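As structure tokens, the structure follows; a few thoughts come after it.
Here the structure is a predicted model, which means the values were calculated and not measured.
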Amino acid sequence: MKKNGILIAVVVIVLIAVMIYSLPSGTPDAATYAAAIEKERQEKDNFMRTGDGSPFAGDSGTFAGLQYFPPDLKFKIQARLEPIQTKEIRVLQTSDGKNQSYLPFAHAVFDWQGVENRLLILEVMDPGPFRGTLFLAFADGTSANETYGAGRYLDVKKVAGATRIELDFNKAYNPYCAYADNFSCPLPPKENLLTLRIEAGEKTYWQK
């Protein structure tokens with residue numbers, strides 16, 4: 001009887017383990033991830049409403065809150081990082097007709113529904129606190145519809161010797177010129193005009 005009891009207990013443990021590991025990948029963390037994203041968005045709304053550097057500063061009474069796609073883990077992508085060996089200065093046009101110079105850093109390469117996509121990551125050259133940081137601007141199939149027509153930005157981190165990079169499009173955000181005309185915002189380079197629909201991150205503020 002004792003052996004039978006042990007055998008039954010082992011079978012039950014195995015069945016429980018099989019049930020746990022058969023759950024869809026990422027399911028246990030999806031709620032925690034979504035809560036963290038929503039917290040970041042609430043903090044940004046608070047800054048937009050009351051922060052000194054906000055594009056709504058002095059007119060916070062009109063701020064209605066930013067608009068977003070729901071958090072979705074499938075848009076948190078691990079991309080292959082391909083460094084650029086021959087680096088020639090890239091000049092991007094800005095929203096107010098000016099030019100901004102950057103140094104090419106690398107391409108972030110990832111597959112989406114069987115199609116390879118390549119995004120050019122640039123490095124800030126201007127003197128100041130942001131010199132040496134990375135800059136990624138892109139447009140996609142949602143641009144000028146659900147999202148801002150001139151494209152969105154995504155912050156990425158520079159890690160020495162890295163061969164991969166995380167692109168969390170749930171954190172994609174609008175440049176300040178999406179809210180006010182008195183800002184100068186670099187437009188995405190032609191390499192970063194994607195055909196796929198990135199239904200993640202910030203939507204256009206001026207909803208129809």
- Item | Residues, nucleotides or ligands: over 12 heavy atoms within 6.0 Å of Asp52 CG | no
- Hey, quick one: are Leu119 and Phe75 part of the same hydrophobic cluster, counting side-chain heavy atoms closer than 4.5 Å, chains of contacts allowed? yes
- Using a 4.5 Å cut-off on heavy atoms from C-beta on, say whether the side chain of Arg90 contacts that of Leu122. yes
- Message: So that I know where these two stand, are Tyr153 and Tyr148 an aromatic pair - ring centroids less than 6.0 Å apart?
- Response: no
- Note on the structure: Taken in chain and number order and not counting sequence neighbours, the residues that satisfy side-chain contact (heavy atoms from CB on, under 4.5 Å) with Ala180 are Asn182, Phe183
- Side-chain contact, heavy-atom cut-off 4.5 Å: Arg49 with Ser54? no
- Task: Assign the ring pair Tyr179 / Tyr205 to parallel, tilted or perpendicular, where the plane angle (0 to 90°) is split at 30° and 60°.
- Result: perpendicular
- Query: If Ile, Leu, Val, Met, Phe, Trp and Tyr residues are connected whenever their side-chain heavy atoms lie under 4.5 Å apart, and connections chain through other members, are Leu167 and Tyr173 in the same group?
  - Reply: no
- Query: Any side-chain heavy atom of Glu116 within less than 4.5 Å of one from Val109?
  - Reply: yes
- Residues at least two apart in sequence or cross-chain that pass salt bridge (Lys or Arg N to Asp or Glu O under 4.0 Å) with Arg164, listed by chain then number, are none
- Message: If you compare all heavy atoms of Ala57 against all heavy atoms of Gly51, which two are closest, and at what distance to 0.1 Å?
- Response: CB-O, 4.0 Å
- The side chain to side chain donor-acceptor pair (under 3.5 Å) partner of Asn174 among Arg152, Glu202, Gln67 is Glu202
- Message: I need the Ile165 CD1 to Phe110 CZ distance, nearest 0.5 Å.
- Response: 12.0 Å
- Task: Answer with yes or no after comparing the ring centroid distance for Phe130 and Phe135 against a 6.0 Å cut-off, counting only values under it.
- Result: no
- Side chains of Phe169 and Asp140: does their closest heavy-atom pair fall under 4.5 Å? no
- Determine whether Glu199 and Asp72 make a side-chain contact, defined as any pair of heavy atoms from C-beta on separated by less than 4.5 Å. no
- Query: Do Tyr68 and Asn170 have side-chain atoms, one donor and one acceptor, less than 3.5 Å apart?
  - Reply: no
- Query: Above 12 or not: heavy atoms from other molecules or residues under 6.0 Å from CD of Glu43?
  - Reply: yes
- Query: Are Asn117 and Asp111 close enough that some pair of their side-chain heavy atoms sits under 4.5 Å apart?
  - Reply: no
- Message: Checking side-chain polar atoms at under 3.5 Å, does Asp168 have a donor or acceptor matched by the opposite partner on Tyr33?
- Response: yes
